[in-house]
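We name chains A, B, ... by the order of the sequence lines, and we start the count at 1 in each one.
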Amino acid sequence: MNQMLVSASPHERAPLPTWHIMLCVLLALLPAAAAGCVNFGYRALLLLSVTVGTAIFWEFLCRIIMKREQTVGDLSAAVTGLLLGMNLPPDLPLWQAAVGSFVAIVVVKQLFGGLGQNFANPTVVARIVLMLSFTADMTAFRDPNTDAVSSATPLVTGASYWDLFLGNTAGCLGETCALALILGGIYLWLRGIISPAAPLSFVGSFALCTWLAGNDPLSQVLSGGLLLGAIFMATDYVTTPLTAKGKILFGIGGGCLTFVIRQFGGYPEGVSFAILLMNLLTPYIDRISMTKPFGTTEPREKEVRSDA
Amino acid sequence: MKRLNGILLPHRKRTESRMTEDLPMPEIVRIPMLMHMGAPCEPCVKPGDPVTVGQKIGSMIHEFSAPIHASVSGKVKAISQYQTQNSKLVPCVEIEPDGLQTLYAGIRPPKLETKEDLIRAVRESGCVGLGGAGFPTHVKLNTTNQIDMLILNGAECEPYLTTDCRLMTEAADEIIGGVCLLMKLLGIKETRIGIEANKPAAIAQLSEACEEFVDVKIVPLPPKYPQGAEKVIVYHTCGRVVPEGKIPADVGVIVMNVSTCAFIYRYSKTGMPLVTRCVTVDGNAVKRPCNLRVPIGAPVGELLEFAECDMDSVHQMLSGGPMMGQALYSTDQPVTKQQNGLLAMKAAKKVHATACIRCGRCMQACPLDLMPMELERGFRTKDVVSLKKHHVHLCMGCGCCSYVCPAKRPLAESIQLAKLLPGTKGGAAT
């Protein structure tokens with residue numbers, strides 16, 4: 001007879017490992033990435049391959065140098081790489097894209113301890129770093145219809161709703177096709193991977209602010225990186241709040257900040273900055289939005305305060 | 001009303017339509033002197049003594065305990081040492097059965113006229129909570145709180161297990177008989193029986209049996225683990241919240257497993273103490289899953305043999321269900337009073353813990369709205385202040401958090417260990 005295994009309960013685990021969740025996110029990103037490749041041609045596909053490939057490579061290298069367990073298999077680096085590629089203009093020089101994935105994986109993620117430990121969204125920080133370092137290349141957008149390179153996105157030029165919805169406009173690789181992004185978001189929601197709280201409150205609060213300021217909320221929502229950010233970056237597990245209440249606060253904060261930056265700031269696009277700022281606020285949002293355990297009278301936050 | 005969180009599990013109740021069978025007489029029974037929550041008993045027989053079915057062999061030396069009776073007639077072979085599943089060493093009476101099952105001469109139905117009679121009788125019967133925890137029933141009944149509600153737990157929310165389901169289907173009258181007895185003697189006005197909605201046959205049988213009693217109500221519960229947890233079933237059947245650090249009696253409720261209630265009824269009629277119990281034998285290494293009526297102390301190996309288990313493929317044996325059951329270390333281990341299931345599992349893929357991704361699934365699964373990942377971190381860093389802030393002692397170890405964790409972190413295990421750290425007891429942070 002065998003030796004019996006003695007272990008602690010529970011003795012069964014749900015069949016949903018981390019890599020499976022990441023695979024679902026990759027699948028959800030695919031329609032928007034594919035739309036980008038259709039609109040912008042093979043150069044877009046090349047750029048995506050470079051960001052995904054280098055992201056995996058940096059993760060692999062980092063774990064070896066740090067003598068840590070190899071984590072490429074959890075697919076989180078692939079998600080970061082794909083998401084980063086979708087946040088870049090399709091004609092960005094490839095070496096700059098590789099620098100971007102270095103910032104995302106090495107600086108933002110691995111130096112802080114790897115998956116689950118980074119305080120800011122790697123993609124968002126990488127995009128901001130590239131934006132500040134290579135401003136000219138990062139703002140050279142190509143119109144998919146004319147192939148003319150302009151330095152302006154539809155945020156400043158204006159385009160028809162239909163073109164915005166299908167992604168037939170200039171912009172970053174994966175942010176233009178609103179339809180594909182929304183489909184991806186619905187897929188993740190139905191699979192139980194993300195909660196719709198943050199995306200809805202993000203888009204909702206942004207649209208409300210825009211409308212109150214007298215602008216066209218629909219075209220503002222459909223253009224730029226708003227949907228990509230609200231659906232895929234404001235729902236990142238690691239850098240956003242845990243509870244439903246916290247997620248709504250995060251979304252409202254992100255939406256309002258995006259509006260403020262777009263309306264009054266020097267940059268045409270504010271989503272990355274808004275999400276980064278909200279990432280930094282996440283620990284505080286978590287503190288004020290904790291749930292009350294069953295049968296307790298005091299919310300946890302009060303105890304936390306009385307301790308401090 | 002808000003429903004408490006929980007998780008959907010595969011039910012795997014393969015035995016729910018199998019009649020309960022009797023286990024053939026085992027070659028030896030080993031009866032440990034600790035099969036309940038509380039203090040162990042002291043053996044009151046010596047090696048060589050003849051014993052009969054129902055004879056007391058372990059007597060209480062502390063009120064928070066329950067006496068132990070011989071489940072077979074025969075001769076005491078030895079008094080050995082037994083290591084319980086939580087590593088306590090207790091004496092164990094080994095009896096060699098003679099196969100005659102001679103009844104003990106002193107067995108007669110108890111006189112039951114007052115609450116005191118009932119508590120004395122239940123204490124003498126060796127009755128403990130048969131749902132798994134093994135809380136001495138006479139201690140539970142002997143409360144000074146004003147009780148107005150009896151809740152019977154027929155949730156049986158663990159996968160595989162069907163003993164309660166079979167009892168409710170086969171012997172609904174015994175359960176209702178027990179309810180009437182308890183209500184009369186304890187002066188309880190109302191009874192609710194919580195049953196997971198995945199047991200329509202049990203609900204139908206019990207509803208029929210209690211048709212004429214207006215103050216007994218069947219409450220179907222969502223088939224979501226852990227409906228059978230005490231605080232959860234109290235809340236979902238009558239809406240009362242058992243506050244932190246309190247017990248159901250503090251909100252006027254006594255919670256009891258359906259099989260405990262049926263046992264009290266049988267004891268009131270026959271006077272036969274707790275010497276047998278029903279066990280579901282199942283698991284993916286078992287070819288003929290079944291429900292067995294087993295003398296307490298029978299070696300689990302004999303149950304598995306009866307259920308045509310392929311012993312060579314067994315990798316793990318569990319006493320209880322897969323969520324809260326405890327791993328057994330040997331086929332010689334006896335069936336105890338609290339054991340409602342025996343599972344024999346083949347080797348499964350080894351789980352390997354990876355980094356927490358803060359997905360929050362453990363929080364969404366926790367029936368008591370705790371934050372398992374914070375508690376796990378508190379345990380890893382031995383941060384007693386944080387553990388207290390996050391109410392570590394509220395955790396009942398249901399295992400939902402570990403089950404759902406995509407990083408396969410040992411959350412429930414860490415939280416149970418965290419409760420043992422010095423300084424975590426004693427309510428909210430001070």
Side-chain angles (χ1 to χ4, degrees), chain A residues 1-22 68-69 71 73-74 76 113-118 192-195 235-244 246-247 282 286 290-307, chain B residues 4 7 9 159 231 235 241-244 246 311-318 320 322-331 343 345 347-348 351 354-360 363 367-371 385 389-391 394 397-400 402-408 410 412-413 416 428-429:
Chain A
M1 205 180 69
N2 305 331
Q3 285 257 302
M4 291 298 162
L5 172 73
V6 176
S7 58
S9 63
H11 307 279
E12 259 194 56
R13 298 299 184 91
L16 183 74
T18 303
W19 67 266
H20 200 140
I21 293 177
M22 297 298 169
R68 294 289 183 93
E69 189 193 352
T71 51
D74 67 25
S76 63
L115 181 63
Q117 300 297 318
N118 47 299
I193 308 284
I194 63 168
S195 126
T235 56
D236 173 36
Y237 289 148
V238 180
T239 55
T240 64
L242 288 159
T243 59
K247 288 180 205 293
T282 293
D286 266 342
M290 275 193 235
T291 54
K292 186 172 76 69
F294 183 76
T296 55
T297 41
E298 290 278 280
R300 258 177 288 218
E301 171 56 11
K302 287 216 176 113
E303 287 154 30
V304 174
R305 279 208 186 122
S306 68
D307 260 30
Chain B
L4 300 183
I7 52 176
L9 292 172
K231 287 185 178 186
Y235 184 66
V241 176
V242 180
E244 179 182 14
K246 301 281 181 175
M311 283 315 290
D312 290 329
S313 67
V314 178
H315 185 63
Q316 185 165 45
M317 292 186 303
L318 303 176
M323 293 302 288
M324 286 188 80
Q326 288 171 309
L328 298 168
Y329 53 83
S330 157
T331 47
L343 305 182
M345 312 302 282
V351 294
T354 54
C356 170
I357 54 170
R358 274 174 50 94
C359 66
M363 259 176 69
L368 300 184
D369 283 329
L370 296 172
M371 299 177 87
V385 174
K389 257 182 226 163
H390 290 100
H391 301 270
L394 265 183
C398 66
C400 289
S402 293
Y403 179 84
V404 295
C405 181
K408 314 284 176 211
E413 187 183 341
Q416 291 307 308

TODO: Find out whether B:M345 and A:H11 are in side-chain contact, i.e. whether some heavy atom of one side chain is under 4.5 Å from a heavy atom of the other.
DONE: no

Task: B:V241 versus chain A, the contacting section by heavy-atom distance below 4.5 Å - done: both

Open item on the list: Any non-hydrogen side-chain atom of B:L394 less than 4.5 Å from a side-chain atom of A:T296?
Closed with: yes

- [ ] With a 4.5 angstrom heavy-atom cut-off, could you sort out which part of B:A412 is near chain A: side chain, backbone, both or neither?
- [x] side chain

Task: Choice from B:K246, B:M324, B:Q416 maximising heavy atom contacts with chain A below 4.5 Å - done: B:M324

- [ ] Can you tell which part of B:K231 gets under 4.5 Å to a heavy atom of chain A, answering side chain, backbone, both or neither?
- [x] both

Task: Identified side-chain contact (heavy atoms from CB on, under 4.5 Å) counterpart of A:P10 within the set B:S402, B:C398, B:P322 - done: B:S402

- [ ] Please state whether the side chain, the backbone, both or neither of A:D286 comes within less than 4.5 Å of a heavy atom of chain B.
- [x] side chain

Open item on the list: Please rank B:Q326, B:E413, B:H315 by heavy-atom pairs under 4.5 Å with chain A and give me the top one.
Closed with: B:H315

TODO: To the nearest 0.5 angstrom, please state how far the CE atom of B:M323 sits from the OG atom of A:S9.
DONE: 8.0 Å

- [ ] Specify the closest pair of heavy atoms between B:Q316 and A:L5, including all atoms of both residues, with the distance to one decimal.
- [x] NE2-O, 3.1 Å

Open item on the list: Out of A:G295, A:G116, A:A14, return the one with the most heavy atom pairs under 4.5 angstrom to chain B.
Closed with: A:A14

Open item on the list: Let's test your reading of the structure: which of B:G325, B:P159, B:S313, B:P410 forms the most heavy-atom pairs below 4.5 Å with chain A?
Closed with: B:G325

Task: Side-chain heavy atoms of B:E244 within contact of A:P293, under 4.5 Å - done: no

Open item on the list: Measuring from atom CD1 of A:I21 to atom CD1 of B:I357, what distance do you get when rounded to the nearest 0.5 angstrom?
Closed with: 4.5 Å

TODO: Could you tell me which portion of B:L368 (side chain, backbone, both or neither) has an atom closer than 4.5 angstrom to a non-hydrogen atom of chain A?
DONE: both

Task: Toward chain A, the part of B:L328 with a non-hydrogen atom under 4.5 Å - done: backbone

Task: Contact origin within B:C359 toward chain A - heavy atom pairs under 4.5 Å - done: both

Open item on the list: Can you tell me which portion of A:T282 sits under 4.5 Å from chain B's heavy atoms? Options are side chain, backbone, both or neither.
Closed with: side chain

Open item on the list: Would you say that A:M4 contacts B:V314 through its side chain, given a criterion of any heavy-atom pair below 4.5 Å between the two side chains?
Closed with: yes

TODO: Answer with side chain, backbone, both or neither: which region of A:E69 has an atom nearer than 4.5 Å to a non-hydrogen atom of chain B?
DONE: side chain

Task: Greatest number of heavy atom pairs closer than 4.5 Å to chain A - which of B:A327, B:P406, B:A407, B:C405 - done: B:P406

Task: chain A contact via B:M363 - which portion, at a heavy-atom distance below 4.5 Å - done: side chain

- [ ] Provide the closest heavy-atom pair for A:F294 versus B:D369 in the form atom of the first, atom of the second, distance.
- [x] N-CB, 4.3 Å

Open item on the list: I need the residue from A:I194, A:L242, A:T243, A:T240 with the largest number of non-hydrogen atom pairs under 4.5 Å to chain B.
Closed with: A:L242

